[in-house]
Amino acid sequence: MSAQSVARTATLTEWAAVGGLQLVIELASIRPIVAANRAVGFDPSAAHVAFGASADLALWLALTPFVFLVLDQVPLAGPRPRIALNLAGWALVGIAAAAAQAWMVRGLWVAGSTLSDAAKSALASPLLSFRYLFETNAQQALVLLMAYAVLSRVHRARRERELAGQLERSLADARLHALSLQLQPHFLFNTLNAIAALVPEDPIVAEAMLVRLGDLLRTSLDAEPSGHVTLRTELNRLASYVELQRMRFGDRLSVSMRIDPDVMNARVPSFLLQPLVENAISHGIAPRRGAGHIDVAARCDGGRLMLSVRDDGIGPPPEGRERVGLGSTRARLAAMFPGMSTLVLTPAAPRGTLVSITVPLELT
């Protein structure tokens, strides 16, 4: 995994946390510094203390982004020799930060001495020497390095979660795509077999079915296999498929659609209803004698979209033997709506099969 820049991706809250930590350290150091000054014979005024603490904190805050930018170049990851080398680099960065801050603090007091006799006298204190300032900055620099290390680990964990989420979504999309590809050839082969059977009996109808099949395939293949469409679009495709099957079965097949107008713009997985109707025709209506009927219904129930496909054919298959279209549809729903969808296959009264689907209702 490539390193990610903490300095460039840190949130405002994270910067505020680092600044707050530096403020706490600065406030905690005021009393020891005042005591140390008094011990060497210099009694700082409140103005001196406020100026010194403010300048010290402001300089550390200004240095922090630059320190983080440099540390971004020496991440503590990789082979052990590289980690050891980078640790040495971190030590050098800390030393450089402490020295730079000490030099700037000393410079501010020197500049102040040209305007204030009190500041000029304060410069005589050994506590404002570069050496002493550098030594006292070591603790602050160490805290800054530790803060960067913590943020770096937080960012790495966040990035790992993002990559894991992206991988999971990619795998889910690939699985959905594979399931959709499984459905489309199944539908195509069944329809071509039906057309082939009609060629010697009624070549004119067979030719018309081929033309209608071409139109239907264009609309099906243009759609995103794992995406969503409106229920209106799905029903339009289903109507084209039903028209194709009516060419084959004639008066033996009738289809009704009872659709609540309020759910026409609901989002549904593409290619959802067609495999279910295909199963109803192939395994329910085709094997029986006489005419058969299929009813497609859609309505809303609270925040759920209720879909159903009912036929009056020969009934559901034996338990444990699920058809390809039904099994793939069940798998697609489980992948697209984990724990939020159902697909139930039951016998219909007085005869036939009922497939009931519930998914979350999402209107476009």
Side-chain angles (χ1 to χ4, degrees), residues 179-225 229-259 264 268-298 307-317 322-329 332 345 348 350-357:
L179 289 169
S180 184
L181 292 179
Q182 181 186 21
L183 283 172
Q184 290 181 5
H186 178 73
F187 145 72
L188 178 60
F189 294 151
N190 284 349
T191 307
L192 288 176
N193 286 336
I195 294 174
L198 276 176
V199 168
E201 300 177 7
D202 196 337
I204 296 178
V205 173
E207 182 180 358
M209 287 184 67
L210 278 175
V211 173
R212 176 61 62 184
L213 176 61
D215 295 337
L216 182 58
L217 285 176
R218 268 191 292 272
T219 60
S220 298
L221 296 177
D222 287 343
E224 178 64 28
V229 295
T230 64
L231 181 59
R232 186 188 309 276
T233 300
E234 183 71 8
L235 291 172
N236 287 338
R237 293 177 188 167
L238 180 61
S240 297
Y241 173 74
V242 168
E243 184 180 349
L244 177 65
Q245 293 301 321
R246 280 182 178 148
M247 294 180 184
R248 172 189 174 191
F249 288 94
D251 294 337
R252 286 189 57 205
L253 174 65
S254 62
V255 178
S256 62
M257 295 190 184
R258 297 179 295 112
I259 311 298
M264 289 296 285
V268 297
S270 63
F271 209 60
L272 174 65
L273 294 175
Q274 184 175 314
L276 303 181
V277 173
E278 180 188 356
N279 269 357
I281 294 174
S282 300
H283 306 294
I285 304 300
R288 63 166 292 182
R289 292 184 178 181
H293 180 75
I294 296 175
D295 178 73
V296 179
L307 302 166
S308 66
V309 176
R310 180 194 299 264
D311 68 72
D312 58 0
I314 63 173
E322 192 164 71
R323 308 293 185 186
V324 171
L326 192 65
S328 296
T329 301
R332 289 180 70 205
L345 176 70
R351 63 179 296 178
T353 305
L354 171 64
V355 179
S356 302
I357 292 175

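- In this structure, Thr353 and Asn279 have side chains that are not in contact, with every pair of non-hydrogen atoms separated by 4.5 Å or more.
- The minimum heavy-atom distance linking Arg310 with Ala348 is given by the pair NH1-CB, 3.7 Å.
- Taking each heavy atom of Asp311 and Gly284 in turn, the nearest pair found is OD1-CA, 4.2 Å.
- Leu235 pairs with exactly one of Thr230, Val229, Ile259 by the side-chain contact (heavy atoms from CB on, under 4.5 Å) rule, that one being Ile259.
- Minimum heavy-atom separation, Ser282 to Ala286: O-CB, 3.7 Å.
- Of the inter-residue distances, the one linking Leu273 atom CG with Glu278 atom CD reads 13.0 Å to the nearest 0.5 angstrom.
- Shown are Leu345, Leu326, Leu354; of these, the side-chain contact (heavy atoms from CB on, under 4.5 Å) with Pro316 is made only by Leu345.
- Checking side-chain atoms of Glu234 against main-chain N and O of Val268 turns up no donor-acceptor pair under 3.5 Å.
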Practice task
With side-chain contact (heavy atoms from CB on, under 4.5 Å) as the test, would you mind laying out the steps for Met209 and Val205 before giving the verdict?
Solution key: CA-CA 6 Å; Met209 287 184 67; Val205 173; 4.2 Å; yes

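- Judged by distance alone, with hydrogens and angles left aside, the side-chain atoms of Arg252 form a donor-acceptor pair with the main-chain N or O of Ile285 at under 3.5 Å.
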Exercise for the section: May I have the step-by-step check of side-chain contact (heavy atoms from CB on, under 4.5 Å) for Val277 and Val296, ending in yes or no? Expected result: CA-CA 8 Å; Val277 173; Val296 179; 4.1 Å; yes

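- Closest approach of His293 to Ser256, counting heavy atoms only: NE2-OG, 3.0 Å.
- Residues Val255 and Leu238 fail the side-chain proximity criterion, which asks for heavy atoms closer than 4.5 Å.
- Residues passing the salt bridge (charged side-chain N to carboxylate O under 4.0 Å, His left out) test with Arg288, sequence neighbours excluded: Asp312.
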Exercise for the section: Decide side-chain contact (heavy atoms from CB on, under 4.5 Å) for Leu253 and Arg248; before the verdict, give the C-alpha distance in whole Å, the side-chain angles of both, and the deciding distance to 0.1 Å. Expected result: CA-CA 9 Å; Leu253 174 65; Arg248 172 189 174 191; over 6 Å; no

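- In this structure, Leu272 and Ile357 have side chains that are in contact, with non-hydrogen atoms separated by less than 4.5 Å.
- Put simply, CD1 on Ile195 and CG on Leu244 are 6.0 Å apart, with the number rounded to the nearest 0.5 Å.
- With a 4.5 Å cut-off on side-chain heavy atoms, Thr329 and Val355 do not count as touching.
- Separating the CD1 atom in Ile281 from the CD atom in Gln245 is a distance of 4.5 Å, to the nearest 0.5 Å.
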